[in-house]
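As the structure lists them, so they are numbered: ligands from 1, and atoms in each ligand from 1. FYI, the numbering just counts along the sequence from 1.
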Amino acid sequence: MTDFAATRRLFQIPDDVVYLDGNSLGPLPRATPDRLARTLDEEWAQQLIRAWNTSDWIGQPARLGDRIGRLLNAPIGHVVVGDTLSIKVHQALAAALEASSRRIILTDHGNFPSDVYVAEGLAATLGRGHEVRRVAPDGIEAALDDEVAVLLLTHVDYRTGRMHDMAALTRRAHEVGALCVWDLAHSAGAVPVDLLAADVDFAVGCTYKYLNGGPGAPAFLYAAPRRAASVTPAIPGWLGHAAPFAFEASYRPARGVERFRIGTPAVLQMAALEASLDIWDEVDIHRVHEESVRLAEKLIAGLELRCGRELTLASPRDAMQRGSHVSFHHPEGYAVVQACIEHGVIGDFRTPDILRFGIAPLYIGDPQIERAIDVVAQVLEERLWDDERYRVRRVVT
Ligand SMILES: *Cc1c(COP(=O)(O)O)cnc(C)c1O
């Protein structure tokens, strides 16, 4: 099924809203409330603690990991779900650093703050002289040298949508003897990713963005078969132990990627994620990406035609170098986004001046793009954004 009129009906989105922020929080699949109710009423209420076995709650992290892995061309048994993305970045980076005696963690200025904070925090914790080196996104290739232990990059830049060439940079990293950790936060469910072909060492991502798992949905971690079997996890938890219910005095890692499990999984969040993955099981990610490119081109052309004097494209113009969101600069970006939201078009703002529009073809089509162009154009032409109340910064932008 990649009939986008049909997939649109699988989501519950208010009629008067054009939702272009699924890159931050995907909308609610219509099937999720029933799935959650089943977990509550039939599993938790009826089965109580037995549900860990009878409903295989204990197997959820691996089972859901495999379903996410299908979207990323990861081999079965090499993706595990749980915790938050920041924690998964920590685990993956620690595992990659363990495999190298070098000191440099190389990343770019486009990387997400949490990823960089985690890297700096880990360097301090390890106390082995690691250093985070940040360069411009197009300077990564030149900065890859024999001092680099790990290349830590977010595949699709959260602000501009610029997409790195994962296969080429991974190959280059391996040529200089570095490992790589790819953050797929804005890639999973947005663009085709082939972890196996790119020979990626570790990858992480979240499930509340394009995968529509809901607020607080768990993250995922992929470890290449050659890596998973040998690393000692930095956060060795009992559910990542080879025999959790043997309650042994010391840690022994579980087989493969399951050693990256830590503690008790968030069963309700996993149930919500399960419902959203039912949709992804039926969808061809290549078709989703093609459609996203078509819609993004339409949005860019429409906004440049109508608002070209005020908006400057912040995303790469070449669709093959972009993820699935499109960004523009505007000096009053925050107020513009707030005014658009009040007029029914939800995008978001990223400091300092970025308006960001996520394009998710599962529930965004031509009518939504056309309405978004009209509303943004009206907000700019009539200076609707120029109002004190749109300048009041909320906690979450
Ligand atoms: C969204 C995002 C995060 C968020 O991490 P959480 O721990 O889930 O809050 C981290 N890194 C990147 C690149 C992101 O886009």
Q. Do the ring planes of Trp238 and Phe247 sit parallel (below 30°), tilted (30 to 60°) or perpendicular (above 60°)?
A.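 Because their plane-to-plane angle is under 30°, the rings of Trp238 and Phe247 count as parallel.
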Show every donor-acceptor pair shorter than 3.5 Å between a side-chain atom in residues 218-229 and any protein atom, with sequence neighbours excluded, or say none if there are none.
from	atom 1	to	atom 2	distance (Å)
Arg226	NH1	Asp199	OD1	3.0
Arg226	NH2	Asp199	O	3.2
Arg226	NH2	Asp201	OD1	2.7
Arg227	NE	Asp201	OD1	3.0
Arg227	NH2	Asp201	OD1	3.3

Q: Applying side chain to side chain contact (heavy atoms under 4.5 Å, CB included), name anything that partners Glu98, two or more places apart in sequence or on another chain.
A: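 Per chain and number, Glu98 pairs via side chain to side chain contact (heavy atoms under 4.5 Å, CB included) with Val231, Thr232.
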**Q.** Which residues share a side chain to side chain contact (heavy atoms under 4.5 Å, CB included) with Asn23, sequence neighbours left out
**A.**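 Asn23 satisfies side chain to side chain contact (heavy atoms under 4.5 Å, CB included) with Asp21, His186, Tyr210, His325, Arg356 only.
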Q | Protein residues that have a heavy atom under 4.0 Å from any atom of ligand 1, sorted by chain and number | A |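 Around ligand 1, where the cutoff is 4.0 Å for heavy atoms, the contacting residues are Thr84, Leu85, Ser86, Phe112, Asp115, Thr154, Asp183, Ala185, His186, Tyr208, Lys209.
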Q.
I'd like to check Lys298 versus Glu370 (side-chain heavy atoms, cut-off strictly below 4.5 Å). Are they in contact?
A.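 Touching, per the 4.5 Å side-chain cut-off.
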Q. Under 6.0 Å between ring centres, would you say that holds for Trp52 and Phe245?
A.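 No, the ring centres sit 6.0 Å or more apart.
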